[in-house]
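Source: prediction; values computed, not measured. Convention: sequence-line order gives letters A, B, ...; per-chain numbering from 1.
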Amino acid sequence: MSHSIKQIAAALGAEAFGAVDLCVSGVAEPAMAGPQDLALAMNPKYAEALPAGQARAAMLWPGADWQALGLQAAIIAPRPRFAMSGLSAMMDPGQGYAPGIHPSAVIDPTADLAADVAVGPLAVIGPRVRIGAGSVIGPQCFIGADTVLGQGAFLREGVRIGARVSIGARFIAQPGAVIGGDGFSFVTPEQSSVERARDSLGDQGELRGQSYARIHSLGSVSIGDDVELGANTCIDRGTVRDTRIGNGVKVDNLTQIGHNVEIGNDSLICAQVGVAGSSRIGNNVVLGGQTGVSDNLFIGDHVITGGATKVLANVPAGRVMLGYPAMKMESHIEAYKGLRRLPRLFRDVAALQKAVSKLGKTD
Amino acid sequence: MSHSIKQIAAALGAEAFGAVDLCVSGVAEPAMAGPQDLALAMNPKYAEALPAGQARAAMLWPGADWQALGLQAAIIAPRPRFAMSGLSAMMDPGQGYAPGIHPSAVIDPTADLAADVAVGPLAVIGPRVRIGAGSVIGPQCFIGADTVLGQGAFLREGVRIGARVSIGARFIAQPGAVIGGDGFSFVTPEQSSVERARDSLGDQGELRGQSYARIHSLGSVSIGDDVELGANTCIDRGTVRDTRIGNGVKVDNLTQIGHNVEIGNDSLICAQVGVAGSSRIGNNVVLGGQTGVSDNLFIGDHVITGGATKVLANVPAGRVMLGYPAMKMESHIEAYKGLRRLPRLFRDVAALQKAVSKLGKTD
Amino acid sequence: MSHSIKQIAAALGAEAFGAVDLCVSGVAEPAMAGPQDLALAMNPKYAEALPAGQARAAMLWPGADWQALGLQAAIIAPRPRFAMSGLSAMMDPGQGYAPGIHPSAVIDPTADLAADVAVGPLAVIGPRVRIGAGSVIGPQCFIGADTVLGQGAFLREGVRIGARVSIGARFIAQPGAVIGGDGFSFVTPEQSSVERARDSLGDQGELRGQSYARIHSLGSVSIGDDVELGANTCIDRGTVRDTRIGNGVKVDNLTQIGHNVEIGNDSLICAQVGVAGSSRIGNNVVLGGQTGVSDNLFIGDHVITGGATKVLANVPAGRVMLGYPAMKMESHIEAYKGLRRLPRLFRDVAALQKAVSKLGKTD
């Protein structure tokens with residue numbers, strides 16, 4: 001895991017300065033860096049802490065004077081934040097899973113695993129599953145019947161994938177992610193109070209108790225290439241066709257993707273987001289943490305929602321939204337400024353009423 | 001899995017038309033239907049896509065002209081959405097779990113399983129557990145000591161049920177659901193700042209650091225018949241008596257049901273809902289996705305909350321609620337219309353102030 | 001599990017009255033108490049139900065007249081709520097896990113477990129793991145490479161801890177908790193629309209699709225002493241240094257703690273809270289259920305947030321917050337009173353406009 005400054009810079013497409021043959025074996029914040037660490041000081045503020053640590057080399061911002069910072073070597077990348085991607089991949093010690101197939105894994109004889117696939121202890125792989133080359137199935141994972149995983153998958157411990165799911169290349173899932181639970185779809189024998197309340201915006205009509213009957217999920221889940229799912233995140237099966245996740249989608253922890261949902265390419269879904277059944281999310285969308293999207297909505301391409309935005313209506317492409325219910329961010333900021341000033345407004349209006357009443361009497 | 005149109009209609013209590021001996025082996029959306037599929041075109045809008053697919057038979061809405069749609073056969077149900085329940089159950093290929101008890105399962109010798117119970121690979125069943133006839137315990141499930149599961153249970157992979165839980169008939173749990181974690185109940189040696197802030201609506205009093213002591217959960221969880229729990233959903237144990245879930249309750253994914261909570265019959269709890277400790281939810285309640293209910297509250301029968309409603313006070317029976325804090329839906333809609341028009345209101349009041357000031361001077 | 005009233009009172013530092021050698025084997029609410037139960041009637045309201053049950057002994061509030069309540073014995077503690085901690089610990093029958101190491105557990109030969117550590121069936125313990133004395137590792141748990149667990153840990157079923165995590169003494173984790181999933185950290189090759197929208201408060205600039213590159217999490221997670229984590233709760237690894245949880249922190253179910261987050265000592269994080277990446281939470285903080293904290297914020301010591309508070313800006317020490325966006329609780333209550341009265345305000349202002357216009361004409 002030791003690399004020279006020269007090697008790292010070459011891998012990142014960055015420039016190396018000074019003692020470029022100096023080797024580092026880890027990265028660290030400037031104040032905590034030891035002599036074997038590459039300090040990360042990607043703006044002048046972080047660089048102030050360099051003297052508190054022992055770094056001999058650092059990754060710096062464009063234009064930084066590495067010699068004035070007392071360093072022996074430096075890497076300067078045009079966009080240091082982006083360089084962190086390649087650098088962190090080079091330096092990642094990984095989870096330490098063993099290669100090969102652990103003897104305690106329970107693998108159906110009809111499953112078809114590429115020769116180099118690793119399967120951790122106590123994993124279960126069902127009938128007719130196919131797993132592409134270079135994949136790593138972590139300890140205690142479950143992969144259901146007829147599911148297909150593309151090449152280069154990496155499943156952390158305890159990931160659960162139901163039957164008939166199809167997943168593209170380079171899939172990553174964090175611990176406890178669940179793909180292919182049944183959709184939450186229930187129906188009452190007669191029109192339900194929720195159907196009536198929705199039609200009337202709030203009136204349930206006559207209150208009658210009914211029990212729910214289950215609609216089984218006959219569809220499954222289709223996931224594109226380069227998708228990553230967070231820990232304990234859930235993606236439900238579709239009712240008739242598959243729930244669909246596009247290429248390059250990244251989903252954080254504890255997020256709920258309901259049945260029949262479609263998410264376009266390169267969208268980012270942050271932690272604890274909920275997307276209710278049958279909603280469609282476009283390409284290059286960003287849903288901030290704890291965002292909620294009601295069912296059967298459409299969120300256009302390039303929409304961004306701030307943290308905890310609750311989307312109760314369609315959102316056209318390109319909008320930046322915030323609040324509950326979701327508004328355009330600038331409207332939200334203006335409305336909430338007003339909300340904070342409301343007590344004063346009430347006082348002003350009361351004063352006006354008094355003044356006008358007095359004026360009226362004067363007349 | 002192949003059924004004739006006649007058989008399906010009979011099973012659903014629906015009418016069959018045309019070539020009723022035609023067999024189908026799956027269901028599909030109209031545009032994607034192959035010749036072996038029953039197309040689902042339960043309203044005229046969906047039927048428009050029939051020509052794009054190859055369906056020979058479809059499920060249609062009451063009054064539909066199946067011959068004009070170019071079909072050879074049709075099923076017409078009085079409430080097609082409800083018919084989907086029976087139809088989807090007939091057509092469900094399932095998860096493909098094997099029958100019988102997998103040799104890798106770890107089952108305590110004192111556990112009492114009905115003769116036909118299936119137990120998946122690497123499941124763990126604790127001492128004195130009892131499981132009713134026809135139940136399926138999925139791979140990697142855990143069932144704790146002295147827990148009782150009624151007949152016809154279906155646990156997907158990795159469901160975890162703690163000790164002394166009692167569950168009625170026909171229970172379904174999606175992957176990763178947790179029943180019987182300990183309640184979140186902690187106490188400080190002296191009155192805590194939260195207790196003081198609650199009493200005073202916001203004033204903590206003197207700020208003093210205290211550590212928390214744990215209150216153990218001596219109760220367990222009692223669940224009625226026909227309950228379904230979503231993936232990674234959590235139901236905590238009660239402190240002294242059991243947390244209780246009534247008959248026919250359906251809970252979606254990633255939902256939190258706190259200690260001592262009681263939920264009545266036939267209530268629907270959507271994804272990512274949180275019900276805090278000791279709150280009681282009535283019968284036939286619907287809590288929309290991401291709803292939050294504070295602790296020690298009472299939600300009456302037939303209450304409906306819209307998505308992301310945050311309930312901070314008791315709600316009488318029959319109310320339809322929305323917002324944070326929760327208001328009656330019509331009040332919420334009116335209040336939020338006002339919020340959007342607030343900036344204009346501020347301008348109007350400023351103009352009034354100017355006009356009144358001018359009028360005062362005129363006098 | 002049977003204890004005399006005298007023994008219990010002594011253990012709790014409480015006073016015993018009456019037939020102090022009477023033994024009880026459980027606790028119960030007054031109405032449901034049997035003759036072997038200690039009834040919990042810690043205020044006069046609860047005591048009213050004592051005659052409905054069969055309790056011979058009860059825990060009562062300071063000053064209660066136990067004889068008038070028809071009891072044979074009583075325990076009176078100065079702060080009964082706090083006494084519940086010790087009492088519930090004495091009376092807890094536990095989960096019934098067997099002692100010792102179950103033969104189906106998969107333990108790396110380089111792992112170092114104290115002599116009395118219990119490991120449940122089908123647990124996996126990785127290379128070089130160290131586990132302190134008296135710890136119980138539940139069924140189906142996973143502990144990754146090089147992780148260190150202090151003495152007296154208690155992991156319920158299916159807890160997952162990734163590589164290189166360090167955890168102090170007396171750690172408790174509920175089922176399905178995940179520690180050490182990778183942080184949600186992605187970067188685009190060029191400045192992203194989110195970065196632009198943040199800089200401009202809502203303007204994304206030119207809309208361009210970009211794919212995300214992953215930043216690996218090189219840090220891990222450090223957890224102090226006396227920490228408890230809820231079911232299916234997730235704590236992500238840090239990017240360069242560890243995510244840090246202080247001593248005495250208690251976290252409820254389904255909570256998300258993002259990468260690089262720091263939480264001080266003795267803080268209480270309720271269910272479904274989300275703390276986004278790199279935010280710092282002080283000591284003795286209480287975050288109510290479903291609270292959200294945006295990334296890179298600072299929450300001072302002794303801050304309390306009410307349920308579902310969404311924190312979008314730093315909060316100074318000692319504040320009590322509520323709402324979305326978070327306001328001081330008293331401001332929130334005043335603002336929301338105003339919001340409910342907004343429709344009337346619009347009518348008042350319209351009436352004023354009419355009156356002033358009339359007055360203007362009169363002039």
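- Listed for the C/Q174 side chain is no donor-acceptor partner under 3.5 Å among the backbone atoms of B/G181.
- There is no contact between C/L229 and chain B, counting heavy-atom distances below 4.5 Å.
- For C/E157, the parts lying near chain B are the backbone and the side chain together; criterion is any non-hydrogen pair under 4.5 Å.
- For the pair C/S85 (side chain) and B/R214 (backbone), a donor-acceptor distance under 3.5 Å is present.
- Both the backbone and the side chain of C/P175 come within less than 4.5 Å of a heavy atom in chain B.
- One finds the CG atom of C/L122 at 7.5 Å from the OG atom of B/S104 (value rounded to the nearest 0.5 Å).
- Atom OH of C/Y46 sits in a sparse spot, with 12 or fewer heavy atoms from other residues, nucleotides or ligands closer than 6.0 Å.
- Heavy-atom pairs under 4.5 Å with chain C peak, among B/G338, B/A355, B/A145, at B/G338.
- Residue contact with chain C, scored on non-hydrogen atoms closer than 4.5 Å, involves the side chain of B/R237 exclusively.
- Only the side chain of C/V286 has a heavy atom closer than 4.5 Å to any heavy atom of chain B.
- With hydrogens and angles ignored, the 3.5 Å screen pairs a side-chain donor or acceptor of C/Q140 with a backbone N or O of B/C141.
- When all heavy atoms of B/G176 and C/N232 are compared, the pair lying nearest together is O-ND2, 3.4 Å.
- Of all the listed residues (B/G144, B/A276, B/G126, B/P325), the one sharing the greatest number of non-hydrogen pairs under 4.5 Å with chain C is B/P325.
- By the side-chain hydrogen bond (donor to acceptor under 3.5 Å, both in side chains) test, B/D146 pairs with B/R128, sequence neighbours left out.
- Interface remark: C/N284 contributes side-chain atoms only to the contact with chain B (heavy atom separation under 4.5 Å).
- For chain B, the nearby parts of C/L322 are the backbone and the side chain; heavy atoms of each come within less than 4.5 Å.
- With a 4.5 Å cut-off on non-hydrogen atoms, C/L40 touches chain B through its side chain but not through its backbone.
- When each of C/V320, C/N253, C/L342 is checked for heavy-atom pairs under 4.5 Å with chain B, C/N253 comes out on top.
- Side-chain contact check for C/L339 versus B/M327: some heavy-atom pair is nearer than 4.5 Å.
- We find that B/R241 and C/E29 are joined by a salt bridge, their nearest charged nitrogen and carboxylate oxygen being less than 4.0 Å apart.
- C/D92 approaches B/S217 most closely through the heavy-atom pair OD1-O, 4.4 Å.
- Looking at C/M32, the atoms closer than 4.5 Å to chain B (heavy atoms on both sides) all sit in the side chain, from C-beta outward.
- You'll find the side chain of C/D252 reaches within 4.5 Å of the side chain of B/D236, heavy atoms only.
- Judged by distance alone, the side chain of B/Y324 and the main-chain N or O of C/T309 form a donor-acceptor pair under 3.5 Å.
- For a residue to count as touching a neighbouring chain, one of its non-hydrogen atoms must lie under 4.5 Å from one of that chain's; by this rule C/V249 does not touch chain B.
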What pairs of donor and acceptor atoms, side-chain ones from residues 188-196 of chain B against any protein atom, are under 3.5 angstrom apart with sequence neighbours left out?
residue, atom, partner, partner atom, Å
B/T188, OG1, B/E190, O, 2.5
B/E190, OE1, B/R208, NH1, 3.1
B/S192, OG, B/V194, N, 3.4
B/S192, OG, B/E195, N, 3.2
B/S192, OG, B/E195, OE2, 3.3
B/E195, OE1, C/R79, NH1, 3.4
B/E195, OE2, B/S192, N, 3.3
B/E195, OE2, C/R79, NH2, 2.9
B/R196, NE, B/Q204, O, 2.5
B/R196, NH1, B/Q191, O, 3.2
B/R196, NH2, B/Q204, O, 3.1
B/R196, NH2, B/E206, O, 2.9

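- Using a distance-only test at 3.5 Å, with no hydrogens or angles considered, a donor-acceptor pair links the side chain of C/Q272 to the main chain of B/L254.
- Contacts between C/R341 and chain B at a heavy-atom distance below 4.5 Å are absent for every atom of the residue.
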